[in-house]
Visitor: 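This is the structure, below, for whatever I ask next.
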Protein chains: 2
Amino acid sequence: MATTGKTADRARPTYFPTLAAERLDIALCRASSAVARAADAHAAAEGLGVGQHLVLRMLDAVGPCSQQALSEELRIDRSVMVSVCDDLERAGHVRRERNPADRRSYAVTITDSGRRRLAAAQASIPAFLDDAFHALTDDERDRLGAILAKLLETGTPR
Amino acid sequence: MATTGKTADRARPTYFPTLAAERLDIALCRASSAVARAADAHAAAEGLGVGQHLVLRMLDAVGPCSQQALSEELRIDRSVMVSVCDDLERAGHVRRERNPADRRSYAVTITDSGRRRLAAAQASIPAFLDDAFHALTDDERDRLGAILAKLLETGTPR
DNA sequence: TCCAAATCGTTTGACAGCAGATGATTTGCG
DNA sequence: CGCAAATCATCTGCTGTCAAACGATTTGGA
């Protein structure tokens, strides 16, 4: 069909749904980008970066950890973890204590200040999640979570 | 292997599943990263970037498009689209034809060379998807696709 | 008609994420 | 014991992504 010049705003072609249907990897990545953007915006408004929040959450849940352990469990690169811990330490939310049994690693420890900060940040998470995934029913969110867990658990081969 | 080690290697704590269960956004992002990494590796092995593949696919499906249209439908930033089209043009897979009706925009057009390249790349996609999502049953893949489509369709509110 | 605003492609600059190298320390093994 | 290899935190450099600004062109309204 000859595009008669004025192929502007009305009756959009919207190729994207077709793409998403045939490329599950692309659908996953695009959805992730949208959610990540929302998460960053929320974190910025909250004044605590996503990575910082996750670190505090894990330290509170499992106790003092090395940066290595934090890095592996939170899937944050260890070179990035350096600056995340730097910021948390500067804010007084964690301390880097020496591990006497292994002086190569720190025992990153949450402080009372960090626990208070975490509590505040945690309180805002349910509303954020509800907002980010408002397009889905509770049932669909559960199913999505289960499928992603299975995917993450088994991992993608090499 | 009864390593009575205090905290070390065997019987890992694995906090990650807990995190994924309580933070659907993080689960989505981490799964996306893993899949994206696999897609990049596949694309590199195939010799055609992911973005380039998507552009060829859309041009073949809907005919000549402006870079703007490609950018919006494929969810690729327009400044990135410039270099994607540069590479494709340099390889002879597309031509940038002038749109006489609107000389601001190009009519990016796929060439025969591009169609051949696309056919080869398309042929390798099913095996790649099967590999990347091998942890999921066909049913789970369908459900994941449907849920992601719904999420993408409605979008995350600002 | 004419001019302000919008649109398209492009360039530039800032910034996050990741690979690889490095120094300090610990571990494994002869 | 002694030394090679592994581990932890850190630093450096590269790459990909995105926001903002910019010329060229089109559009809409006074």
Side-chain angles (χ1 to χ4, degrees), chain A residues 3-10 12 29-30 32-34 36-41 43-44 49-52 54-55 64-89 94-109, chain B residues 1 3 5-10 12 29-30 32-34 36-41 43-44 49-52 54-55 64-89 94-109:
Chain A
T3 55
T4 59
K6 307 294 178 65
T7 53
D9 32 40
R10 189 191 44 75
R12 257 198 268 174
C29 289
R30 296 302 184 266
S32 170
S33 296
R37 177 172 295 262
D40 281 340
V50 173
Q52 299 179 33
L54 296 183
V55 166
C65 293
S66 67
Q67 292 181 195
Q68 182 77 9
L70 290 167
S71 177
E72 285 175 8
E73 292 301 320
L74 300 178
R75 307 290 196 271
I76 295 173
D77 191 88
R78 55 204 172 116
S79 61
V80 174
M81 185 58 68
V82 173
S83 54
V84 172
C85 288
D86 280 350
D87 293 342
L88 284 174
E89 189 175 39
V94 304
R95 283 192 309 270
R96 279 181 166 112
E97 300 184 345
R98 274 290 165 193
N99 179 355
D102 187 343
R103 285 177 7 225
R104 289 171 304 182
S105 65
Y106 293 121
V108 182
T109 307
Chain B
M1 288 300 142
T3 51
K6 304 296 182 182
T7 57
D9 30 290
R10 228 45 56 195
R12 261 197 265 173
C29 290
R30 297 300 185 266
S32 170
S33 296
R37 176 171 297 259
D40 281 340
V50 174
Q52 299 179 33
L54 296 183
V55 166
C65 293
S66 68
Q67 292 182 196
Q68 182 76 10
L70 290 166
S71 177
E72 285 175 9
E73 292 301 319
L74 301 178
R75 307 292 197 267
I76 296 174
D77 191 90
R78 59 203 170 116
S79 61
V80 174
M81 185 58 68
V82 173
S83 52
V84 171
C85 287
D86 280 351
D87 293 342
L88 284 173
E89 188 175 38
V94 305
R95 283 192 309 270
R96 278 180 166 112
E97 300 182 344
R98 275 290 166 194
N99 178 355
D102 186 342
R103 279 167 23 213
R104 289 171 304 182
S105 64
Y106 292 122
V108 182
T109 308

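Convention: sequence-line order gives letters A, B, ...; per-chain numbering from 1. Any value given below was found using the heavy atoms of this structure, including those in side chains, with hydrogens, waters and symmetry copies removed.
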Visitor: How close or far is atom P of C/dG17 from atom CZ of A/Arg75, stated in whole angstroms?
Guide: 16 Å
Visitor: Restricting to side-chain contact (heavy atoms from CB on, under 4.5 Å), what partner residues turn up for A/Asp86, sequence neighbours left out?
Guide: A/Val82, A/Arg90, A/Arg96
Visitor: Heavy atoms under 4.0 Å is the rule here; annotate nucleotides 7-14 of chain C 5' to 3' with B where the base is hit, S where only the sugar-phosphate is, and - elsewhere.
Guide: BSBBB---
Visitor: Are the side chain of B/Thr109 and the backbone of B/Ala107 linked by a donor-acceptor contact shorter than 3.5 Å?
Guide: yes
Visitor: Considering residues at least two apart in sequence or located in another chain, which fulfil the side-chain contact (heavy atoms from CB on, under 4.5 Å) criterion with B/Arg75?
Guide: A/Phe16, A/Arg30
Visitor: side-chain contact (heavy atoms from CB on, under 4.5 Å) with A/Ala69: which residues, sequence neighbours excluded?
Guide: A/Cys65, A/Ser66
Visitor: A/Arg98: what forms a side-chain contact (heavy atoms from CB on, under 4.5 Å) with it, not counting sequence neighbours?
Guide: A/Tyr106
Visitor: Quick check on C/dA16: is either OP1 or OP2 less than 4.0 Å from any side-chain nitrogen or oxygen of A/Arg37?
Guide: no
Visitor: In whole Å, what is the span from the CG atom of B/Asp40 to the P atom of D/dT15?
Guide: 15 Å
Visitor: Could I get the full list of salt bridge (charged side-chain N to carboxylate O under 4.0 Å, His left out) partners for A/Arg95, not counting sequence neighbours?
Guide: A/Glu97
Visitor: Taking atom C1' of C/dG17 as reference, at what distance in whole Å does atom CG of A/Asp77 sit?
Guide: 7 Å
